[in-house]
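Below is one structure, written out as structure tokens, with a few remarks after it.
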Amino acid sequence: MPAITLPDGSVRRFDGPVTGTTVAEAIGPGLARAALAMEIDGRLVDLSREISDDASVRFVTRKDEAALEMIRHDAAHVLAEAVQSLWPGTQVTIGPSIENGFYYDFYRNEPFTPEDFPAIEARMREIVAANAAFAREVWPRDAAIRFFEDRGERFKAELIRDLPEDEQISIYRQGEWLDLCRGPHLRGTADVGNAFKLMKVAGAYWRGDHRNPMLTRIYGTAWRDQKELDAHLHQLEEAERRDHRRIGREMDLFHIQEEAVGSIFWHAKGWRLYTVLQDYMRRAQTRGGYQEVRTPQLVDRALWEASGHWDKYREHMFVATVEDEDKTLALKPMNCPCHVQIFRHGLRSYRELPLRMAEFGACHRYEPSGALHGIMRVRSFTQDDAHIFCAEEQIAAETARFVRMLADVYADLGFESFRVKFADRPEQRAGTDETWDRAEGALIEACRLAGVSYEHNPGEGAFYGPKLEFVLRDAIGRDWQCGTLQVDYVLPERLDASFIGEDSARHRPVMLHRAILGSFERFLGILIEQHAGRFPLWLAPVQAVVASIVTDAAPYAQQVADTLQAAGLVVETDIRNEKINAKIREHSLARVPVILVVGRKEAEEGTVAIRRLGGAAQEVVALDDAARTLADEALPPDLRRTR
RNA sequence: GCCGACAUAGCUCAGGGGUAGAGCAACUGAUUCGUAAUCAGUAGGUCCUCGGUUCAAUUCCGAGUGUCGGCACCA
């Protein structure tokens, strides 16, 4: 006699075990039509599942987030059936729902290509139209293993073998086809709907391990309805439109070529962007109580051996040898060992702590070729790196201080909010468990004191210590991990850094590794995509163009440009013999924030007509006023505050 | 690094066993024009590199390099 409690608090009693379908029908025909699955005591299950005991039940309809995930998961099953029916002998492996869609990994000698998509999608639509019910069955483990082995499905058999002993082996049938699956599923294949699209094929290692066979993965996107699908496709176009590689070329910011793979040729305009950002960061650091240093690019391997990097990252380091000397040097992949060298140069007193040592450190790492991506993932980059040498009891205060600084910088750069993740000890690590206990404990305590709330990111810490990761969200909703703060007890030990305490004895400092932007290269890529190249005035590579209407106005245009330049603005002059329409169009497409139009009238009156990027309005003001206003507007945010 | 796709003018792309085309950009000339494309003309190519097949390869085949999308990696 199950008593079923509904979300509104009402209770329904039934004579015996009932399925969710029955319960929904009992409540009303509308719900019976809309219910796709249900939550029994908070656990999502099939609607066809029987309820035999008292329970609280919530029905899941298409509007639910959970339903969208199920649509995607079921779409993966439909994809798998379609593929196996078109290419018998293809082995199935796994096919989960993911953000925005789903994928399914297949094993097949001949990989799929996007040309196969139309046929697969057509078959998928047939399967959806047939509306086979998803039927759950529980099989004995041995029978399930034998079944899949007999079909030559060795990956599925392996999956079942590796399931925990006490776990039920559930099989879902959809018509003729079946798959091992934990579930739950929608009622039938028709519930998947037709708002799906296959997107791309890719290789993926079995179980994500590069020692395993390569599978061929088909990605799809799936949504509740066509409108949502269209919105998603539009969003992808938007991301492509913002792609920093495209904008970098269009705006003449940088390029990369074969002779220096993974390194950037910064063109004049891109370099202005870079230096404006670097100057800003330098001011922020100075205000934050950091001292800036500069350390060598080439450092003897002995130091990397001592720090532990040679052991762990040797194959990711660029190594240099010289003919006349029996020495092996490495281009520094990071700055910390060098900073420790400065710290330990001479005796340090506790009075000097916390010692905040910053460097715009140019580092080289031999990244795997497949990892390279525009200016975001490169082999030569510059970090806004700093190490805070402090006593253990200063960790909390320094963490809080750093988070404040980071929040200010992000806000100035147009990112109002960020998330924090706490990454704790990885499997491969240096240092004892006791050390890790202390490091993690100190960081947790620091977060508490700083009022930082965080998500847990287990096992993702650096090999020498736990870290906080700071994640930005950009204008189109993508997350970027930029900032980091890492607590390190290991390196000071390995490189023998010490300070003299109040008690006249030697003590080990703790090192906090920290960065706000991460690397300039990557962050500039993010900034470019964040603004789609339409930078705020202070960052814009070209801040204004003076465009003349007639040749007679050319001398005045030059005078306007000179005035603005004297006021500190980056200005170009366009006195070509072109129509003003063409000039406006060109400079607008080039994303110049301000166009100053001057014709005979302006020349006579000593004015300029200001046109802002993105607007059609024009504002006619006296030249001197324009120079003053624009120069003011072009001040970096921190200088504007202290003006 | 692994899987797949791709590589043709500055850019975006078409083409195809007999050494190649468009649009935009560039250059020249005419036009002097008031807020998102004035008109006309000219020039521009190692068809990524190296091998192979062929009478002939930019095209077909192989290798390499690079790029792109994933996977793996990211101190």
Side-chain angles (χ1 to χ4, degrees), chain A residues 103 105 110-115 199-219 243 245-246 249-250 252 255-259 261-262 304 307-309 311-313 315-317 332-337 363 365-374 376-379 381 383 385 426 428-430 460-465 467 481 484 486 488 490-491 513 518-519 522 547-554 575-590 595-602 609-618 620:
Chain A
Y103 67 79
D105 285 347
E110 184 87 356
F112 299 103
T113 74
E115 279 101 77
M199 302 300 284
K200 52 197 171 199
V201 287
Y205 299 108
W206 167 237
R207 301 193 142 177
D209 190 324
H210 66 277
R211 288 163 303 199
N212 286 340
M214 177 70 66
L215 306 170
T216 146
R217 173 174 296 180
I218 298 180
Y219 280 95
D243 191 311
R245 293 165 298 190
R246 175 203 190 105
R249 186 172 52 235
E250 287 173 359
D252 193 20
H255 86 271
I256 298 173
Q257 68 187 45
E258 241 180 275
E259 288 80 358
V261 171
W304 307 112
S307 70
H309 292 98
D311 239 16
K312 194 163 162 47
Y313 293 109
E315 64 277 27
H316 297 293
M317 289 164 71
K332 71 175 171 189
M334 51 177 359
N335 309 298
C336 27
C363 296
R365 295 179 186 173
Y366 184 73
E367 302 284 4
S369 58
L372 302 176
H373 178 85
M376 300 254 214
R377 189 80 186 271
V378 286
R379 288 179 175 159
F381 56 93
Q383 297 173 316
D385 198 12
Q428 294 235 336
R429 58 182 180 260
E460 294 294 322
F463 80 96
Y464 49 71
K467 61 184 179 187
Q481 193 209 303
T484 181
Q486 308 168 8
D488 183 2
V490 175
L491 203 60
H513 306 242
S519 94
R522 179 158 176 277
S548 58
I549 294 174
V550 290
T551 309
D552 288 353
I575 54 169
R576 291 172 307 159
N577 182 5
E578 279 291 347
K579 295 181 82 162
I580 194 64
N581 284 302
K583 294 186 185 182
I584 298 281
R585 179 181 149 84
E586 260 181 58
H587 301 302
S588 298
L589 288 174
I595 300 174
L596 300 130
V597 177
V598 295
R600 283 201 191 90
K601 196 153 67 94
E602 285 77 11
I610 300 178
R611 182 194 167 106
R612 304 277 179 163
L613 181 58
Q618 29 180 324
V620 180

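Chain letters run A, B, ... following the sequence lines, proteins first, then strands; residues in each count from 1.
Under the rule for a side chain to side chain donor-acceptor pair (under 3.5 Å), the partners of A:T484 that lie at least two apart in sequence or sit in another chain are A:Q486. Listed by chain and residue number, A:R600 satisfy the salt bridge (Lys or Arg N to Asp or Glu O under 4.0 Å) test with A:D552 (two or more places apart in sequence, or in another chain). With sequence neighbours left out, the salt bridge (Lys or Arg N to Asp or Glu O under 4.0 Å) criterion links A:R611 to no other residue. With sequence neighbours left out, A:R246 forms a salt bridge (Lys or Arg N to Asp or Glu O under 4.0 Å) with A:E250. For A:Y313, the side chain to side chain contact (heavy atoms under 4.5 Å, CB included) partners two or more places apart in sequence, or in a different chain, are A:H309, A:H316, A:F463. A:L613 pairs by the side chain to side chain contact (heavy atoms under 4.5 Å, CB included) definition with A:R534, A:S588, A:R591, not counting sequence neighbours. For A:T113, the side chain to side chain contact (heavy atoms under 4.5 Å, CB included) criterion is met by A:E115, A:D116, not counting sequence neighbours. Partners of A:R377 under the side chain to side chain contact (heavy atoms under 4.5 Å, CB included) rule, at least two apart in sequence or in another chain, are A:E367, A:A371, A:H373. The salt bridge (Lys or Arg N to Asp or Glu O under 4.0 Å) test applied to A:R576 returns A:D574, A:E586, not counting sequence neighbours.
You cannot call A:F463 stacked on the base of B:A75; the centres under 5.5 Å and planes under 30° rule is not satisfied.
Less than 4.0 Å separates RNA chain B from at least one heavy atom of each of the following residues of residues 212-219 of chain A: A:M214, A:R217, A:Y219.
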### Task
Produce a footprint string for nucleotides 33-51 of chain B: one letter per nucleotide, 5' end first; B if the base is under 4.0 Å from any protein heavy atom, S if only the sugar-phosphate is, - if neither.
BBBBBB-------------

### Query
How does RNA chain B look in dot-bracket form if you count Watson-Crick and G-U pairs under 3.5 Å, write [ ] for pairs that cross, and put | where a base pairs with another strand?
(((((((..((((....[..)))).(((((.......))))).....(((((..]....))))))))))))....

